[in-house]
Structures are given as C-alpha cells and as structure tokens.
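Written below as structure tokens is the structure these notes are about.
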Amino acid sequence: MNCLFCRIIDKKIPSKIVYEDERVFAFEDINPQAPIHILIIPKKHISTTLDITHEDNELIGDLFRAANKIAKDRGVAERGFRLVLNCNPESGQTIYHIHLHLLAGRVMHWPPG
Ligand code: AMP
Ligand code: ZN
C-alpha cells in the first residue's frame, strides 16, 4: 500500500519517533503548528475515522492512552493540550491514515480555523 504513514511506521521514511509500542506509533509533525505537535497513529492502516470498526475499540483507546502519556512526559498534561482528528477533505485531512494531532505549548483558540 502506498501510504506515507505506513511507510513511516515501517521506518522506510525517517521520522522523529516519540513513542512506539505493539499497536501505536507517534512522531513529530514535520510542519509543527505549536511548540509541541506530535502525530499519534495506529500501526494498523485505517484510512479515516469512518473506517473504524468495533474490532478497533481497544486500539482507539490505545491512541488516547499514548496521547496522555506523551502529554505527561512533555509536561503539558496539566497546562493543557489539544487533540485533533481530521476526517475527509473539508476538515483538512491530507493523509489518509488516521492520526491524532497532539498540539500543546501555547494557548489554543476556539473556534479552530
Ligand atoms: P492532516 O492534514 O490532518 O491529514 O495532517 C497531516 C499531517 O501530517 C500534517 O500536519 C503534516 O504536517 C504531517 N506530515 C506530512 N508528512 C509528514 C512527514 N513525512 N513526517 C511528519 N509529519 C508529516
Ligand atoms: Zn497507512
């Protein structure tokens, strides 16, 4: 499959790895939108949130647990952080392998752009 994030997981494309376990992979966003901008992805290829099935219940929890761990490790858990998951073109999704954006280190505004 010609998926950029699958290739990053396979380490065929380099990335700044932040966290890795059996099911989850996290790395620095190449074009950070905040002082901390990390992408948290399942090792299983899932194109969009619309493709998440019941079978993925535990995996989706794993993504959030990894995000929490990273936020704590980076010292921003108490200050606050934002998790963003875009789905399909109008949201701004450009890579069709689901990813949680973990954004932190500055005040976030609402509504998002
Ligand atoms: P989205 O627009 O929600 O699909 O987010 C895709 C994100 O992937 C963007 O924030 C990009 O900056 C990021 N990105 C694209 N290519 C790479 C790469 N090779 N390494 C790290 N992050 C990337
Ligand atoms: Zn993929």
Side-chain angles (χ1 to χ4, degrees):
M1 190 182 302
N2 192 20
C3 168
L4 177 70
F5 285 179
C6 283
R7 291 169 65 77
I8 285 177
I9 291 163
D10 289 342
K11 296 169 183 152
K12 288 180 180 136
I13 292 176
S15 68
K16 289 190 187 161
I17 301 171
V18 172
Y19 175 84
E20 181 174 12
D21 66 25
E22 261 177 39
R23 291 192 289 253
V24 175
F25 193 89
F27 55 103
E28 303 279 353
D29 196 291
I30 206 167
N31 182 22
Q33 301 302 311
I36 295 172
H37 188 173
I38 293 164
L39 301 176
I40 301 146
I41 67 179
K43 286 190 171 174
K44 174 184 175 184
H45 179 88
I46 300 173
S47 298
T48 78
T49 64
L50 297 170
D51 301 301
I52 293 169
T53 69
H54 226 77
E55 196 179 272
D56 302 317
N57 281 0
E58 204 178 330
L59 179 60
I60 298 306
D62 291 338
L63 293 180
F64 283 88
R65 281 182 284 274
N68 290 341
K69 178 179 168 23
I70 293 164
K72 287 177 194 161
D73 289 349
R74 294 289 177 106
V76 293
E78 299 307 321
R79 282 172 63 187
F81 58 97
R82 180 171 289 176
L83 298 175
V84 174
L85 206 170
N86 294 321
C87 180
N88 278 338
E90 281 199 4
S91 74
Q93 184 174 10
T94 57
I95 310 283
Y96 282 75
H97 179 133
I98 60 167
H99 44 282
L100 273 183
H101 294 258
L102 190 165
L103 297 149
R106 66 168 170 82
V107 174
M108 300 291 155
H109 301 287
W110 197 264

Would you name the heavy atoms of Tyr96 and Thr48 that are closest together and state the gap between them? CD2-CG2, 3.6 Å
Quick check against the 3.5 Å criterion: does Asp21 have a side-chain atom that pairs as donor or acceptor with the backbone of Val24? yes
d(Asp29 CG, Leu102 CG) to nearest 0.5 Å is 11.0 Å
Output the distance between atom CZ (Phe27) and atom CD1 (Ile40), rounded to the nearest 0.5 Å. 10.0 Å
Within 6.0 Å of NZ in Lys72, more than 12 heavy atoms from elsewhere: no
Got His97 and Ile9 here, is their nearest side-chain heavy-atom distance under 4.5 Å? yes
Name the atoms and distances for all side-chain donor-acceptor pairs under 3.5 Å in residues 81-89, with sequence neighbours left out.
from  : atom 1 : to     : atom 2 : distance (Å)
Arg82 : NH1    : His109 : O      : 2.9
Arg82 : NH2    : His109 : O      : 3.0

Would you sort out whether Lys11 and Ile17 count as a side chain to side chain contact (heavy atoms under 4.5 Å, CB included), showing the intermediate values? CA-CA 10 Å; Lys11 296 169 183 152; Ile17 301 171; 3.5 Å; yes
Determine whether Leu100 and Ile98 fall in the same hydrophobic cluster, where Ile, Leu, Val, Met, Phe, Trp and Tyr are linked whenever their side-chain heavy atoms lie under 4.5 Å apart. yes
Do Arg7 and Asp10 meet the salt-bridge criterion of a basic N to acidic O distance under 4.0 Å? no
Search all heavy atoms of Asp62 against all heavy atoms of Arg23 and return the closest pair with its distance. OD2-NE, 2.6 Å
Whether Arg74 and Glu28 form a salt bridge (side-chain N of Lys/Arg under 4.0 Å from carboxylate O of Asp/Glu) is what I want to check. yes
Determine, using the 4.5 Å side-chain heavy-atom cutoff (strictly less than), whether Val18 and Leu39 are members of one ILVMFWY cluster. no
Nearest-0.5 Å distance, CG of residue Asp51 to OG1 of residue Thr49: 8.0 Å
Do Glu20 and Lys43 meet the salt-bridge criterion of a basic N to acidic O distance under 4.0 Å? yes
Counterpart residues, ring pair (Phe, Tyr, Trp, His ring centres under 6.0 Å), relative to His101 (two or more places apart): His37, His99
Can you give me the closest heavy-atom contact between Ala34 and Ala104, atom names plus distance? CB-O, 3.5 Å
Please check if Tyr19 and Leu63 belong to a single hydrophobic cluster, counting links between Ile, Leu, Val, Met, Phe, Trp and Tyr side chain heavy atoms closer than 4.5 Å. yes
Supply the atom-to-atom distance Gln33 CD to Arg106 CZ, rounded to the nearest 0.5 angstrom. 7.5 Å
Quick one: SG on Cys3 to CD1 on Ile46, what's the gap to the nearest 0.5 Å? 11.5 Å
Restricting to non-hydrogen atoms, name the atom on Gly105 and the atom on Pro35 that form the minimum distance, rounded to 0.1 Å. O-CG, 3.4 Å
Nearest 0.5 Å please: distance from the CD atom of Glu58 over to the CD1 atom of Ile60. 11.0 Å
Honestly curious: do Ile95 and Leu59 fall in one hydrophobic cluster under the side-chain, below-4.5 Å linking rule? no
Linked, directly or transitively: Ile70 and Val76 (ILVMFWY side chains, under 4.5 Å): yes
